[in-house]
Amino acid sequence: MSKRSPRLQFTEEERASPELKKAIRKAEKRMDKLEKAEAAIPQKQVKRRVVDPQTGRVTTRLSFEEKKKPPSKLTHALELAPGETVLAAVHRELRQSEKDNVGVESAHKLEETAEGGARLAHYAHHESRLKPYRTAARAEARADKANMKALYKEAEAQNPQFSSNPYSRWQQKRAIRKEYAAAKAGSGVKNTVKASETTAKAAKRAAADTKKASAFVARHKKGFLIVGGIAAAVLLLFAGISSCSVLIQGTTGGVGVSTYPSADSDMLAAEAAYTGMENELREYLDTYESTYDYDEYHYALDDIEHDPYVLISAITALYGGEWTINDVGGILQSLFDKQYILTETVEVEVRYRTEPRTGYYTYTDPDTGKTVTEEYEYEVQVPYNYYICTVELENFNLSHVPVYTMSHSQLSMYALYMSTLGNRPDLFPSSGYIGKYITNRPEKYEVPPEALNDETFAAMLAEAEKYLNFPYVWGGSSPSTSFDCSGFVSYVCNNCGVGWNFGRLGASGLLGICTRISAAEARPGDLIFFERTYDTTGASHVGIYVGDGMMLHCGDPIQYTSINTSYWQSHFLSFGRLPNP
């Protein structure tokens, strides 16, 4: 095994400590079981030929190597997939014939039963081969858990302030996990580390991380007011679905929850890997006509691009915490497959072309009586297949993917990471989100006081302004997940306390419940609709009109915006008045 759980070494003094004794005993017991499980993994015999250089005598010796782990269930299923696909197609054809032929139906049922039994036996054999490996994997997980608990106890013994502050404790545990992962990466079957050295290194790392986070908070006090709002909603959500709750004390705690937990090297590696996948796709499309031999090509290709903060936030939310590049290959591929939809269609047309032919005719010369053969040229219409290839690439937009792939709690964490860019604006400084979320946040607009005389509008505005500068999240419809445009307007209307309760509607749905009015009739509290802001029909964007040519809407982030710019004027669809509450 290239990475092995290390056996922790403790001093006699540590073993005698009442606080550590139980944790140490359990860690050592788990390691004993792990070593026993690893010893049960089957070994294969390897014949090695050894040649004596002096005598030339050849000796064959047997040595033992750990057998390569059998493929996982997923890999195993993929290996069988081509055959299963063919069988499925055959069975579909047979089923179509069953209705007309009882004999075919009976034979088919018997065939399916035999195939099912064969597959069952095959899988049973595969599972028996996997058993020692799974036993070892479970033992390794339990050993890691026991080791981590012992290290936490060791850290508490070394530093009495370890548990005094939730954020400090979180930083300490995070640092211990990193040090333990580094120790686990050590090669050799007898990998051992001193517990006291590991926790000492972790304490030093945690202190540096805390200092860095505190300095960041000092520079971005305003931004963390928004983090606190989303974090509070996330914590309420977690409290409702789990018996374990995250405790945050003050602004510094918010930093911990909203900070990317993974190492820079792993996050940069994930971004590089995703960019590499995009480059492969780009290369495939750039060389398409030299790879294939069709007669005609048509292309409809979206740009190949993504924002790295969306990628890292999505990976971290989906994984559920700290990860390494080796952990997230499947997540990267899944995100890529959902962002880029490549469709290649080949149509065949029967066309005709003119081709020359040579014909022959004979005649008898009337003077000599001799038979003469002469050739002549003529043309014919010949059918041939003409191949037309259409290549379409849709970039679904990586920021639109999370709502389709994440649970509610994962989407909440994604929104939280995006609201602060993981507290790492230095990680990808060229990202467009830096300007929108960090260095140039939209300024608050002061709505004219006379507009607030309308109690309904005043209630809407009071609710809406709670979410200023929240990030745009496609499909988001609550403070815990943040919002998209229609989710924001729906939530404000339903929760401003004036009596509306029409649920979560899209932009077109909101337009449907409104009465269309002219620009001259529009007043604060009406909705304003736009079209063609992305590829869809009807209303595609909605905001709350606040008067004087301004709207409050979920842009990116939620902000006040003038509707008199060339962009919004070119996409304007209609004003709409909501029904009476």
Side-chain angles (χ1 to χ4, degrees), residues 229 442-479 481-581:
E443 294 183 1
K444 183 178 178 181
Y445 169 76
E446 294 296 334
V447 175
E450 57 270 20
L452 301 179
N453 293 331
D454 182 334
E455 293 182 359
T456 298
F457 172 63
M460 291 175 67
L461 190 67
E463 182 66 26
E465 284 196 334
K466 293 178 184 178
Y467 314 111
L468 281 170
N469 290 322
F470 272 44
Y472 180 96
V473 175
W474 177 270
S477 58
S478 72
T481 62
S482 201
F483 305 92
D484 62 13
C485 67
S486 56
F488 171 62
V489 173
S490 295
Y491 186 87
V492 168
C493 292
N494 291 325
N495 290 275
C496 66
V498 300
W500 285 306
N501 186 23
F502 46 73
R504 203 299 194 194
L505 298 176
S508 292
L510 287 167
L511 180 58
I513 67 170
C514 286
T515 302
R516 293 200 186 203
I517 57 175
S518 67
E521 297 173 287
R523 67 189 184 203
D526 289 332
L527 304 187
I528 181 168
F529 297 89
F530 302 87
E531 61 183 348
R532 297 179 289 105
T533 53
Y534 66 96
D535 187 18
T536 189
T537 58
S540 61
H541 189 74
V542 59
I544 301 170
Y545 184 61
V546 298
D548 289 343
M550 298 291 292
M551 68 175 171
L552 177 53
H553 72 131
C554 188
D556 199 0
I558 295 176
Q559 59 188 286
Y560 284 100
T561 300
S562 171
I563 65 172
N564 293 321
T565 64
S566 59
Y567 175 83
W568 292 115
Q569 287 296 307
S570 66
H571 291 280
F572 175 74
L573 175 61
S574 175
F575 282 99
R577 182 155 297 159
L578 287 162
N580 291 326

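The model shown is predicted, which means the values in this text are computed figures rather than measured ones. Atoms considered below: every heavy atom in the structure, side chains included; atoms not considered: hydrogens, waters and symmetry mates. Numbers here are sequence positions counted from 1.
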* Structure fact -> Between the CG atom in D556 and the CG atom in D484, the distance rounded to the nearest 0.5 Å is 11.5 Å

* Main-chain N/O of E450 paired with N453 side-chain donor or acceptor, under 3.5 Å -> yes

* Matching residue for L511 among V542, L527, L573 - test: side-chain contact (heavy atoms from CB on, under 4.5 Å) -> L573

* Is there a donor in the side chain of S486 and an acceptor in the side chain of R504, or the other way round, less than 3.5 Å apart? -> yes

* To do: Side-chain contact test, heavy atoms from C-beta onward, threshold under 4.5 Å: evaluate it for Q559 versus E443 and give yes or no.
  => no

* Do the side chains of S477 and Y491 get nearer than 4.5 Å, heavy atoms only? -> no

* To do: Report the residues that fulfil side chain to side chain contact (heavy atoms under 4.5 Å, CB included) with F502, sequence neighbours left out, ordered by chain and then residue number.
  => S490, C493, N494, W500, L505, L510, I513, L578

* To do: Look at the rings of F530 and F572 and say which category their plane angle falls in: under 30° parallel, 30 to 60° tilted, over 60° perpendicular.
  => perpendicular

* **Test side-chain hydrogen bond (donor to acceptor under 3.5 Å, both in side chains) applied to Y472 - qualifying residues, sequence neighbours left out** => none

* side chain to side chain contact (heavy atoms under 4.5 Å, CB included) between Q569 and N564, worked out -> CA-CA 6 Å; Q569 287 296 307; N564 293 321; 3.7 Å; yes

* Asked: Can you name the nearest heavy-atom pair linking A451 to F457, along with the distance?
  -> O-CD2, 3.3 Å

* Asked: Are the side chain of R532 and the backbone of S570 linked by a donor-acceptor contact shorter than 3.5 Å?
  -> yes

* Heavy-atom donor-acceptor pair, R577 side chain to E521 backbone, under 3.5 Å -> yes

* Asked: Can you list every pair that meets salt bridge (Lys or Arg N to Asp or Glu O under 4.0 Å) and has a residue in residues 539-549, with sequence neighbours left out?
  -> none

* **Close side-chain approach of I544 and D526, heavy atoms under 4.5 Å** => no

* For A458 and L452, which heavy atoms make the closest approach, and how far apart are they? -> CB-O, 3.7 Å

* To do: Check whether any side-chain heavy atom of P524 sits under 4.5 Å from a side-chain heavy atom of M460, and report yes or no.
  => no

* Structure fact -> Minimal heavy-atom distance between L552 and A464, with the atoms involved, is CD2-CB, 3.5 Å

* Structure fact -> For V498 and A459 the tightest heavy-atom approach is CG1-CB, 3.6 Å

* To do: For a ring pair (Phe, Tyr, Trp, His ring centres under 6.0 Å) with H553, tell me which candidate from Y467, Y545, F488, W568 qualifies.
  => W568

* To do: Might you work through the side chain to side chain contact (heavy atoms under 4.5 Å, CB included) test for C514 and F529, ending with a clear yes or no?
  => CA-CA 11 Å; C514 286; F529 297 89; 4.2 Å; yes

* Can you sort out the partners of E455 under side chain to side chain contact (heavy atoms under 4.5 Å, CB included), two or more places apart, ordered by chain and number? => none

* Asked: Is any side-chain heavy atom of V447 closer than 4.5 Å to a side-chain heavy atom of L461?
  -> yes

* Please list, chain by chain and in numerical order, all residues satisfying side chain to side chain contact (heavy atoms under 4.5 Å, CB included) with T536, sequence neighbours excluded. => Y534, S540

* Given the rule in the side chain to side chain contact (heavy atoms under 4.5 Å, CB included) test, do L468 and Y560 qualify, once you have shown the distances and angles that lead to the verdict? -> CA-CA 8 Å; L468 281 170; Y560 284 100; 4.1 Å; yes

* Check for a donor-acceptor pair, side chain of S482 on one end and backbone N or O of P471 on the other, with a separation under 3.5 Å. => yes

* **Enclosure of N580 CG (heavy-atom neighbours >12, cutoff 6.0 Å)** => no

* Residues which pass salt bridge (charged side-chain N to carboxylate O under 4.0 Å, His left out) with E463, listed by chain and number, not counting sequence neighbours -> K466

* So, for A539 and A507, which heavy atoms are closest and what is the spacing to 0.1 Å? -> O-CB, 3.7 Å

